[in-house]
Peer 1: 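For reference, the structure I am asking about is given below.
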Amino acid sequence: MSASMYQDNSKQRFGYDTIIIIVGIFILLFHLIDNPSLWGDEIALALNIVKYDLPTLLTTPSLDYLQSAPPGYLFFVKIFSYLGPHDWCLRLAATLATAFAFWTFNKLLKLLFEAYWLRCVVLLLFVASPTVLFHGVELKQYAFDLLANTLLLHAVVHFLQQLRPTLKDYGYLAAVGLGGVWFSNALYFSLAGLGILLFVKQWQKKTIDKLLWVVLGAWVLGILANYVLCVLPNKNVAGFVVFWQAEFPPLPVSAAGLRWYFLRIFFLFDNAFGLSSPLSLFVKVSPKWSFLLCFNYAAFALVLLGLWHLWRQKKWLLGIFTLPLLVAYALALLQKYPFYERFLLFYTPALYAIIGYGLWWCWQNGGRWAAQVATFLLLLYPLSTTLWAVLKPNTFALYEGYNYGNLREVFTHISTQKQPNDRVYLVKSLYYGHLYYNQQQRYPWQPIMDQRTEQHANEQDYLRGIEAQVTQALAPLGRCFFVCTTANKARYFTPQPTVLPYKEEEAFVQSMKKHGRILSTFGGLDANVYLVVAK
């Protein structure tokens, strides 16, 4: 093993880490400037940001449309919204937070790894992560979750590496915890887990560090103040919990429950780790992309090796990287926080750090060849999908689940094609999109929203309701625009689980063809527009 590969001497610093960060920021800006339409949850939050002035927005715990976000995040989004009525203005705060997270993560890696090549590999994994890039330009608070937790990891690791911490070190540690909870609700988990770690280390020393107790006290006060002022009065929390009920660990554990636990371990990698579900270990993959499964296996193996390495040599780092996730899981067991996808994005930096230690274990025990093969397999997926994201700006990770929306394009199309007597019908799930874009772009038309409800006894009742709406809409002479959602097509009906899922849009199209003539269509990711005239 070459000693030069372990040491971080200045002769090897070619600025590759800086180049990686710059390229990552370029990709973020590339997608920000591409300015895709907002999608469902983004639109719901955007309606609140546009509707309320800054003081009201920051002091209203229960936002409209079952939305909730930390006040610090809302502050920056509202400030940037004054730049103009554009979607990219609302996304600018998240984009800047992600760019700052790239820089902070690199600072963290300098504390963890002495090998420069290893830092660059782990940094590249983080910067090229499809979910980090996707949520990094999204009008939601997940980018702030990522940044706040990366900052806290850096603060704690830096503090514990100091033989004699200075007042500045204590202040940095206190400030990140005390202020971070106002920008990220997910920071609760890291503060709880890392607070336990700091308390245990203090207990082991059997000394009294008064300043550290002040820091931990500040963390507790910050969490309590945020909880009392923001979380406790929020009436949307109950609805949030009910909506994500399927993502809570099942208790007591049954055969089905064991399957949930088993799949969820890998699902953690699929999403928070930066993988897309179609490329997971349990979903059939098109032969065209099946080679990318190497990343899943390599990543999982390196995580296991990294955990083993930390257990053997650096247990305090193992606690730093695992306790926050365990706290999140404990709250999921208590039915308080879903163990699901973007809600675990805050854990991504810790996962990549663990993988870094797995790579280092390969280098120490398997030699250069093993480390190079592992690095190649590890970088195969994120670099491939990042290249795809640049070539096809509206998609991420070769998977339509990471597609951006097209509602702005849909409503613009109708506005340019609509004649004075034409009528517009929207499915209910797209009405909020109209509220936002009609207000922002001031389209000269007011659509009629269909009044369908989810309360159908069975599939036949549901289909009859759709046909009745189409028949009623086409009854007057003239043209009609039907706007149908392409999302959530499969609908399951209870208490008749044997009924097959039905595609809502197909039902509308069949009724249109039966009672009218389709003149033109306009397709997209979120919605399709059909221009229909009665027979």
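If you read the sequence from its start, that first residue is 1, and numbering goes on from there. Scope of the values below: all heavy atoms of this structure, side chains included, with no hydrogens, waters or symmetry mates. The structure displayed is predicted, hence computed values, not measured ones.
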Peer 1: Are F199 and W213 close enough that their ring centres sit under 6.0 Å apart?
Peer 2: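 Yes, they do, as the ring centres are separated by less than 6.0 Å.
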Peer 1: Taking the six-membered ring for Trp and the single ring otherwise, decide whether the centroids of Y347 and F321 are under 6.0 Å apart.
Peer 2: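 So the answer is no for these two rings.
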Peer 1: Within a reach of under 6.0 Å around CD of Q335, are more than 12 heavy atoms found that belong to other residues, nucleotides or ligands?
Peer 2: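 Yes - once you tally the heavy atoms of other residues, nucleotides and ligands closer than 6.0 Å, there are more than 12.
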Peer 1: Which pair of non-hydrogen atoms, one from L90 and one from A46, has the smallest distance, and what is that distance?
Peer 2: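 The pair with the smallest heavy-atom distance is CD1-CB, 3.9 Å.
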Peer 1: Hey, is the main chain of N48 close enough, under 3.5 Å, to the side chain of D64 for a donor-acceptor pair?
Peer 2: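 No; zero donor-acceptor contacts below 3.5 Å.
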Peer 1: Is it the case that the side chain of S81 and the backbone of K78 share a donor-acceptor pair, with hydrogens and angles ignored and the cut-off at 3.5 Å?
Peer 2: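 Yes, S81 side chain to K78 backbone: donor-acceptor pair under 3.5 Å.
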Peer 1: Could you tell me whether Y432 atom OH has more than 12 heavy atoms of other residues or ligands within 6.0 Å of it?
Peer 2: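 Counting other residues, nucleotides and ligands, OH of Y432 stays at 12 neighbours or fewer.
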Peer 1: Answer with yes or no after comparing the ring centroid distance for F343 and F240 against a 6.0 Å cut-off, counting only values under it.
Peer 2: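 Yes, the ring of F343 comes within the 6.0 Å limit of the ring of F240, centre to centre.
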Peer 1: Could you walk me through whether Y425 and F508 pass the ring pair (Phe, Tyr, Trp, His ring centres under 6.0 Å) test, one step at a time?
Peer 2: CA-CA 11 Å; Y425 292 85; F508 273 102; 9.7 Å; no
Peer 1: Going by side chain to side chain donor-acceptor pair (under 3.5 Å), name the pairs with one or both residues in residues 174-197, residues two or more places apart or in two chains.
Peer 2: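 Residue pairs passing side chain to side chain donor-acceptor pair (under 3.5 Å), neighbours aside: D145-S184, N149-S190, Y188-N226.
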Peer 1: Would you call the rings of F76 and F183 parallel, tilted or perpendicular, taking 30° and 60° as the class edges?
Peer 2: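 Ring orientation, 0 to 90° scale: tilted.
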Peer 1: Could you pull out all residues at least two apart from F102 that satisfy ring pair (Phe, Tyr, Trp, His ring centres under 6.0 Å)?
Peer 2: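 If we apply the ring pair (Phe, Tyr, Trp, His ring centres under 6.0 Å) test to F102, skipping adjacent residues, the hits are F126.
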